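A note on names: the letters A, B, ... follow the listed sequences, proteins ahead of strands, and every chain is numbered from 1. This is a predicted model, so every value here is computed, not measured.
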Amino acid sequence: NAGVTQTPKFRILKIGQSMTLQCAQDMNHNYMYWYRQDPGMGLKLIYYSVGAGITDKGEVPNGYNVSRSTTEDFPLRLELAAPSQTSVYFCASSLGTIQGKAAYEQYFGPGTRLTVT
Amino acid sequence: KNQVEQSPQSLIILEGKNCTLQCNYTVSPFSNLRWYKQDTGRGPVSLTIMTFSENTKSNGRYTATLDADTKQSSLHITASQLSDSASYICVVTILTGGGNKLTFGTGTQLKVEL
C-alpha cells in the first residue's frame with residue numbers, strides 16, 4: 001500500500017491564483033482530513049469527510065473548498081490564494097470512529113508546502 | 001477553551017541519553033491521547049494511543065504515560081538515537097457529534113547529538 005499520497009510537494013502561487021491540492025489513499029478508509037501547519041503552531045483542521053459525498057468544515061475552513069466524489073480521493077481547492085494561506089498542508093485518513101483503537105489511528109501524507117506571494 | 005500545551009519547546013540531548021517530554025491538556029470530554037513523531041519535511045507518524053483507562057503504553061524505546069485525573073501525559077525516550085531527532089506532538093481527541101476532534105499541541109523539537 002502507498003498509504004496517503006499528496007501532490008504537489010511544493011508550490012508557489014501568486015495572490016489571487018487558484019489551485020487544487022491532491023490527496024489520495026489506498027487503505028479503503030472512510031474518514032479523510034485536511035490540516036494546515038503554520039510555523040510554531042499545532043495542526044489545524046480545515047475540512048474533513050466521513051465518506052464519499054459527505055464533507056464538513058473544521059476549525060479554519062475559510063478560503064478553501066473540498067469535494068469527496070470517491071472513497072480514495074479528497075482534493076482541497078484554494079480559489080483566491082492569499083498570503084495568509086502560506087503553510088504546509090497535510091492530508092490524513094482513518095478507518096473511522098467506531099469503538100476500537102485501530103479506528104482512531106490517523107495516517108498522514110507527506111505534506112504540500114505552499115507559498116503565496 | 002480546549003488546549004494542549006507541551007514542554008519543553010525544544011531539547012538537545014546526547015546520543016544514548018534518556019529524556020522525557022511533557023504534555024498538559026484542558027480538553028474535555030477526553031477520548032484518547034496520542035503521541036506523534038514528525039520528522040522534518042514529513043507528515044506525523046503515530047507512536048502511541050492511550051484511552052482514558054490506560055496509564056502507560058510502550059512502543060519500543062518510547063513509553064507514554066497518562067494521568068487522566070491531572071490531565072497530564074509524558075513521553076519517555078530511552079537510549080536516544082540520532083534518528084530520534086524530530087518534533088514530538090501530543091494530540092488529544094474528544095468525541096463530538098461529528099466524530100473525533102483532534103487538538104494538537106505545538107510539539108517539542110528534540111535534537112540528539114553525538
Side-chain angles (χ1 to χ4, degrees), chain A residues 2-7 9-10 21 23 25 27 29-51 54-61 87-113, chain B residues 1-10 23-27 29-54 57-59 64 66 86-109:
Chain A
V4 180
T5 57
Q6 293 184 238
T7 57
K9 288 188 185 301
F10 305 94
L21 282 67
C23 173
Q25 52 89 13
M27 298 175 281
H29 283 171
N30 295 318
Y31 283 62
M32 296 188 74
Y33 314 81
W34 274 106
Y35 295 93
R36 59 178 287 172
Q37 186 176 37
D38 300 319
M41 306 288 287
L43 276 75
K44 300 288 186 185
L45 182 65
I46 303 171
Y47 270 96
Y48 68 99
S49 168
V50 301
I54 306 170
T55 63
D56 210 344
K57 296 178 181 179
E59 290 180 80
V60 289
S87 189
V88 181
Y89 291 84
F90 289 101
C91 179
S93 72
S94 66
L95 182 61
T97 58
I98 59 175
Q99 292 300 314
K101 294 172 187 175
Y104 295 143
E105 186 66 73
Q106 286 199 11
Y107 298 85
F108 285 81
T112 293
R113 185 174 294 274
Chain B
K1 182 179 178 183
N2 290 327
Q3 286 189 321
V4 178
E5 296 183 350
Q6 294 187 242
S7 61
Q9 193 170 20
S10 62
C23 173
N24 295 337
Y25 63 93
T26 59
V27 174
F30 173 88
S31 174
N32 59 70
L33 185 144
R34 322 171 191 203
W35 283 93
Y36 281 90
K37 178 186 179 188
Q38 185 177 20
D39 292 314
T40 301
R42 308 289 289 272
V45 175
S46 179
L47 295 174
T48 63
I49 299 176
M50 290 180 290
T51 59
F52 183 89
S53 59
E54 297 175 296
K57 181 69 67 73
S58 290
N59 178 1
L66 172 64
S87 179
Y88 292 84
I89 305 172
C90 176
V91 184
V92 180
T93 302
I94 61 173
L95 282 176
T96 70
N100 284 338
K101 180 183 184 300
L102 277 62
T103 301
F104 289 77
T106 56
T108 291
Q109 190 69 43

Legend entry - Stepwise side chain to side chain contact (heavy atoms under 4.5 Å, CB included) test for B:Y36 and A:Q106: CA-CA 10 Å; B:Y36 281 90; A:Q106 286 199 11; 3.6 Å; yes
Legend entry - Residues B:L102, A:Y35; criterion side chain to side chain contact (heavy atoms under 4.5 Å, CB included); working and verdict: CA-CA 11 Å; B:L102 277 62; A:Y35 295 93; 3.8 Å; yes
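Sparse packing is recorded around CE of A:M41, with 12 or fewer heavy atoms of other residues, nucleotides or ligands lying under 6.0 Å away.
For the atom pair OG1 (B:T103) and CG (A:L43), the distance works out to 11.5 Å, reported to the nearest 0.5 Å. Of the inter-residue distances, the one linking B:S46 atom OG with A:Y107 atom OH reads 7.5 Å to the nearest 0.5 angstrom. Taking OG1 of B:T106 as the start and CD of A:Q37 as the end, the distance is 10.0 Å to the nearest 0.5 Å.
Considering only heavy-atom pairs separated by less than 4.5 Å from chain A, the leading option among B:P44, B:S87, B:G41, B:G43 is B:P44.
For A:Q6, no part lies under 4.5 angstrom from a heavy atom of chain B. Within the 4.5 angstrom heavy-atom criterion, only side-chain atoms of B:Q38, from C-beta onward, approach chain A.
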